[in-house]
Amino acid sequence: MNLTVARLTVRGLLGRRRGLLLLAAPVLLLVISVIARSGSEDKHDLATTILGQLSLGTLLPLLGLIVGTGVIATEIDDGSIVYLLAKPLPRWQIITTKLAVAVVTTWVFAALPTLIAGLVLVGTEDGLAVGYAVGTLVAGAAYSALFLLLSVVTRNAVVVGLGYALIWESLIGNFVDGAKTLSIQQWGRSIAESVAAEGAIDATVATAVAVPLLIVVILGATALAAVKLAGLTLASEE
C-alpha cells in the first residue's frame, strides 16, 4: 500500500459532492432504524428487513458503486491518472492501494452504520447486528473490487455498474433462485448467517460456496484491474 496514493485517493473520493452522497446512505439507514425501533412490529423481522434488504441488499451495492468507481474513474476520465502512472510505482500497487481505500470507506459508511442500526433495532440479540455488519463488510469488499475493475475497463463504469446493482443484485439476485448463487449480496448474507446465532438469518447460498466465490471475485477483479491499468499506461505512452 502506498500512503501517498492512498492520501490522494481519499481526498478525491470524499471531496466535492461524492462525500455527501456517501453520507446520505448511512444517515438514511440510521434514521429509518430509529423510527422503526419505536414501532410495534416484531423486532427480529424488522431488523432482518432493514439490515438485510435495505442495507445489504440496496444501499450497499449503490454505495459500493460510488466508492469503487470514485477511487479511480475520475482520474481516468480527466486524464490525471497519467501523472500517477508516470511515477515509478508498480501498477498493482496503485490498484491495491485504491482498493484498500475503497474497502475502508465501505466499512466506515456501510458496515459500521449497519452495526449501529442493528444495535438500535435489536441490541445484541442473536448476533444479528454483528452478522449483518460482517456480511456487509465482506460483500462491500467484493463490490469495491468489481466496480474498480469496471472503472479501468470502461469509461461507462457508473452506468454499467448501476445497471448491475439495480437489475442483477437488487432484482434478479433477490427473486430468481438460480441467480442467487452468483449474487454478491447473497454471498454477504451467507457470511452474515455464519456469524449470527443459528437460525437467526436465512441464507440461500451455503458458506462453503460463498467464501470461495468472494475470494475469486476480489482477487480476480483486482488482478484484472492491475493488468488493464498496465495496458492503459502503454496506450498513453504511445
Side-chain angles (χ1 to χ4, degrees), residues 1-16 18-19 21-23 25-26 55-56 59-78 80-115 132-154 157-158 161 164-165 184-185 187-188 191-192 195 210-233:
M1 181 172 177
N2 185 281
L3 294 180
T4 301
V5 175
R7 185 171 59 253
L8 294 174
T9 302
V10 170
R11 184 183 304 170
L13 181 63
L14 301 182
R16 303 176 184 176
R18 190 176 289 111
L21 289 175
L22 290 175
L23 189 60
S55 179
L56 179 60
L59 295 180
L60 178 62
L62 295 178
L63 190 144
L65 174 63
I66 296 172
V67 173
T69 58
V71 293
I72 197 170
T74 303
E75 295 176 355
I76 293 178
D77 289 342
D78 62 19
S80 61
I81 190 67
V82 174
Y83 298 100
L84 182 59
L85 297 178
K87 304 295 182 182
L89 291 173
R91 301 308 172 239
W92 63 264
Q93 192 174 79
I94 295 175
I95 291 296
T96 54
T97 298
K98 287 183 175 294
L99 178 59
V101 171
V103 171
V104 172
T105 303
T106 301
W107 185 84
V108 172
F109 288 93
L112 183 58
T114 297
L115 175 62
Y132 276 115
V134 174
T136 299
L137 176 59
V138 175
Y143 282 128
S144 297
L146 179 61
F147 293 135
L148 175 62
L149 172 61
L150 284 178
S151 298
V152 180
V153 171
T154 175
V158 174
Y164 169 82
I184 294 176
Q185 174 195 160
W187 303 343
I191 300 299
V195 173
V211 171
L213 289 175
L214 281 165
I215 293 174
V216 167
V217 168
I218 294 173
L219 296 183
T222 303
L224 285 175
V227 171
K228 288 294 184 180
L229 190 63
L232 180 64
T233 304

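For this chain, numbers begin at 1 and follow the sequence in order.
- The closest donor-acceptor contact from the side chain of K228 to the backbone of V153 lies at 3.5 Å or more, if one exists at all.
- Listed here is the closest heavy atom pair of A221 and A145: CB-O, 3.5 Å.
- To the nearest 0.5 angstrom, I184 atom CD1 is 10.0 Å from L213 atom CG.
- Residue I66 holds its CD1 atom at 10.5 Å from OG1 of T106, rounded to the nearest 0.5 Å.
- Of the inter-residue distances, the one linking L14 atom CG with T9 atom OG1 reads 10.5 Å to the nearest 0.5 angstrom.
- Taking each heavy atom of A139 and L60 in turn, the nearest pair found is CB-CD2, 3.7 Å.
- Between L56 and G135 the shortest heavy-atom distance is CD1-O, 4.1 Å.
- Across R91 and L229, no two heavy atoms sit closer than the pair O-CD2, 4.0 Å.
- Annotation for L148 and L99: closest pair CD2-CB, 4.0 Å, computed over non-hydrogen atoms.
- Between the OG1 atom of T105 and the CG atom of L22 there is a distance of 7.0 Å, given to the nearest 0.5 Å.
- What you find for A25 and L59 is that their closest heavy atoms are O-CD1, 3.7 Å.
- One finds the CG atom of L115 at 8.0 Å from the CH2 atom of W107 (value rounded to the nearest 0.5 Å).
- Considering only heavy atoms from C-beta on, L214 comes within 4.5 Å of I191 through its side chain.
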Exercise. Check the pair T222, T96 against side chain to side chain contact (heavy atoms under 4.5 Å, CB included), reporting the backbone distance first and the verdict last.
Key: CA-CA 7 Å; T222 303; T96 54; 4.1 Å; yes
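- To the nearest 0.5 Å, the span separating OG on S151 from CG on L146 amounts to 9.5 Å.
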Quiz prompt | Stepwise side chain to side chain contact (heavy atoms under 4.5 Å, CB included) check, Y143 with L65 | solution = CA-CA 7 Å; Y143 282 128; L65 174 63; over 6 Å; no
Exercise. Evaluate side chain to side chain contact (heavy atoms under 4.5 Å, CB included) for V217 paired with W187, printing each intermediate quantity in order.
Key: CA-CA 11 Å; V217 168; W187 303 343; 3.5 Å; yes
